[in-house]
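My questions all concern the structure below.
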Amino acid sequence: MRLHRTRRVALPRLLGSLLLVTAAGISGIGAAPEGPVADGGPAAGPPRPLGQIVPAPVRAEPGGSPYTITPATRIRVGGDSGEVRRIGDYLAGVLRPSTGYALPVTGDGGDGIRLRLDEDNPELGAEGYRLKSGSGSVTITARGPAGLFHGVQTLRQLLPAAVERKSPQKGPWKVAGGTVTDAPRYAYRSAMLDVSRHFFSVAEVKRYIDQLALYKMNKLHLHLSDDQGWRIAIDSWPRLATYGGQTEVGGGLGGHYTKSDYREIVRYAASRYLEVVPEIDLPGHTNAALASYAELNCDGVAPPLYTGTQVGFSSLCVPKAVTYDFVDDVVREVAELTPGEYFHIGGDEAHSTSHEDYVAFMDRAQAVVGKYGKTVIGWHQLTGATPVKGAIAQYWGYDRTGAAEREQVARAAANGTKLVLSPADRGYLDMKYDKDTELGLSWAGYVSVERSYDWNPAAYLDGVPQEAVLGVEAPLWSETLTDSGEIEQMAFPRLPGIAELGWSPAATHDWEAYRVRLGAQGPRLSALGVDYYRAPQVPWATE
Ligand code: TNX
C-alpha cells in the first residue's frame, strides 16, 4: 500500500590493482590517469580489459580473440534447469533493448552466449563462476544458478556501458577474449535499506535490488520498523501497519507493505539471487508499535506517532506478558513470509530499557526467532546480552567507539558469535561524503569514497578471529532520504566499494587501482539512470 510521500523542499541534487591478471591485458590499470578516460564505449577501439570490473575478480587471464554479439547470436541454456533458462531470459532482457537484437534463448548446443551448470569445479564454490570468451562464444560455467547469475553480471560489465541503455545503441558489442575465474571472499554481502524513517515503494525497492545485483551483493536487509513507522502488515496486530505505518520523518503519510507486497519484494530479490533479511527492531525503536497499541506500554497509555529523528526514547514494556505475545505474533508472521535463513531483531540504542531488562528481553526474543526456525541477527549491542548459539552480531561502531565495547564484541566473536561488519565511519551510506554533501548525517564523520573502500574486514576489529567474519553490510538509513534519486546519490559510488570488500580477494585491494575501475563504472551508472555522486577522488570515465 502506497500513501503519498513527504516531499523535501527543493533539495538540490548532489550531485594496479594487484589483480592476478597477466600483465599484458591490464597494463596501466593501476596507474592514475591524467584526465577522463574513454570507456571503450560503442564503436570505440578495443573491448574493455577483462578484469576491469567491480568487484575485482579472483583471476582474469586475457588471451585470444574477442567475442562479438551479433544479430545472429543465441543465448544457449544447457541442461534442463528452469532456473538456468530464467537466467538466460534475464540476460536477454538486459541485452535486447540496447543491442536491438532478437537474442533467442534456446536449449540446444552450438555457439553463442552459453550458460552451463557443472558440478565439477569445486574451486568455484556455491556462488563462483568461470567466464570464457573467444571468437565463437562466451561461456559462463558455474556449480549453481547463483554463480551463473554473478557471471552474467560480469558479462554485462565487460560490454560497453551503452549496453545498459533501454533503446537501441550502436555496437559493436565485443567482449575481450580470455578467461575470468571468480568466487566471493565472504558469503554474506549485504545492503540495508531503512524503509521506516521514510517509506519506499515496492518499485523503489526493486530498483535498488537491481543495483545491488549488478555488484554481486547477496542480501537485502530491510529495516521494517522503527519509531517513525511500522512498514509490514501483521494480521494479528493490524493497527501496527494501518496506524503505526501512517507517517514518516517530516510528517508525510508514510505507508506499509501488504503481505503480498512483501512477498513480491522477496520473490524479486530471489530472482536476483538476493536473500531478504527482515528486521523488526526491538525492544527500542518501537514508538510506532507503542503508539498503535496502548497495552504495549508499561503505563497503558499510547504515545503519539513520532516524525522526528531522535533515537533511544522508546522501549517495549519488558515485564508485561502481552509484550511476548506481540513479539511471538510478529516474528511468526514475518518469518512465515520470509524463506531466507535470517531474522534481524535490532537491539540497538535501547537507551530507555534498563540493562537488566535488555538482557532478559533479548533472551526471550532470540528464543522466539529460534522457535520459528530462523537464525538471529542483532546489532552488536546483542553482545552485551547473551547471544544464543549461532547468533550473528552486526558491528556498527566507528572510530570513536570505546575500547570496552569493541572488546565485548571481540570476546563474543572469539566465543563463536559470527560478525557482519558495517562500521559506521566506513560502511554507512547515509553519512555525508564531506561538508558540502546536502543529504545524509555526519555523526560518524564524513565518509569519502576512499574511506568507505579502504579498510580490511578481516583485520578491522582487534582480537576477532578471521573466521568469525561472515561478511559486510552497507546500511542506508533514511532520515534524510525520500526517493530513489536520493538513495542513489548516497549509495553511489560507495556501495560498489563495500560490495568489492565483500567479494574480492584481499590481494586485489588497492585504492589507486580501484578508483580507476570505479571511474569506469560512471558511464554504466549513467546509462542505467543512476545519478551518482561525482566524487572528485575518482577519475570518472567520459560517456
Ligand atoms: C544509528 S546504526 C542507528 C539508526 C540511525 C542511524 C543514522 C543503528 C543500529 N542505529 O537508528 O538511523 O544511526 O545514521
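Order of listing sets the numbers, starting from 1, for every ligand and every atom in it. Every value quoted in this text rests on a predicted model; they were computed, and no experiment measured them.
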So between Asp348, Asp227, Thr309, whose heavy atom ends up nearest atom 9 (C) of ligand 1?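 Going through Asp348, Asp227, Thr309 one by one, Asp348 has the nearest heavy atom to atom 9 (C) of ligand 1.
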Sub-4.0 Å atoms of ligand 1 with respect to non-hydrogen atoms of His285: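 Here the atoms of ligand 1 in question are 11 (O).
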Which atoms of ligand 1 have any heavy atom of Asp430 under 4.0 Å away?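 This gives 7 (C), 14 (O) as the contact atoms.
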Reference residue Tyr215; test side-chain contact (heavy atoms from CB on, under 4.5 Å); the match among His150, Gln153, Gln521: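 Output: one option passes, namely Gln521.
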Identity and distance of the protein heavy atom lying nearest atom 3 (C) of ligand 1: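 Going atom by atom, the protein heavy atom closest to atom 3 (C) of ligand 1 ends up being Glu349 OE1, 3.4 Å.
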Around atom 11 (O) of ligand 1, find the nearest protein heavy atom and jot down its residue, atom name and distance.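 I find the closest protein heavy atom is Arg197 NH2, 2.9 Å.
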Partner of Asp425 under side-chain contact (heavy atoms from CB on, under 4.5 Å), chosen from Tyr446, Tyr398, Trp443, Trp455: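 It is Tyr398, the one option of Tyr446, Tyr398, Trp443, Trp455 that forms the side-chain contact (heavy atoms from CB on, under 4.5 Å) with Asp425.
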On the 0 to 90° scale, with breaks at 30° and 60°, tag the His223-His221 ring pair as parallel, tilted or perpendicular.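 Taking His221 first and then His223, their aromatic rings stand perpendicular (interplane angle over 60°).
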So which heavy atom in the protein is nearest atom 5 (C) of ligand 1, and how far is it from that ligand atom?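 Looking only at protein heavy atoms, the one closest to atom 5 (C) of ligand 1 is Glu479 OE2, 3.3 Å.
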Would you say Phe361 and Val327 make side-chain contact, with heavy atoms under 4.5 Å?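 Result yes, sub-4.5 Å side-chain heavy-atom pair found.
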Looking at Gly308, is its backbone amide N or carbonyl O close enough to the side chain of Gln228 to form a donor-acceptor pair, meaning the two atoms are under 3.5 Å apart?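 Confirmed, Gln228 side chain pairs with Gly308 backbone.
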For Leu441, take its heavy atoms, then give the atoms of ligand 1 lying under 4.0 Å from any of them.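 Counting from 1, the qualifying ligand atoms are 7 (C), 14 (O).
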Is it true that Arg451 and Asp399 have a side-chain N and a carboxylate O under 4.0 angstrom from each other?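 A salt bridge links Arg451 with Asp399.
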Using 4.0 Å as the upper bound for N to carboxylate O, is an ion pair formed by Glu488 and Arg207?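 Salt bridge present between Arg207 and Glu488.
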Kindly confirm or rule out an N or O of Asp226 lying under 3.5 angstrom from an N or O of ligand 1.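 It does not: no N or O of Asp226 is found under 3.5 Å from an N or O of ligand 1.
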Please determine whether any non-hydrogen atom of Met431 lies less than 4.0 Å from an atom of ligand 1.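 For ligand 1, residue contact (heavy atoms, under 4.0 Å) with Met431 is present.
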Return the residue, atom name and 0.1 Å-rounded distance of the protein heavy atom closest to atom 2 (S) of ligand 1.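 Checked against all protein heavy atoms, atom 2 (S) of ligand 1 sits closest to Tyr428 OH, 2.4 Å.
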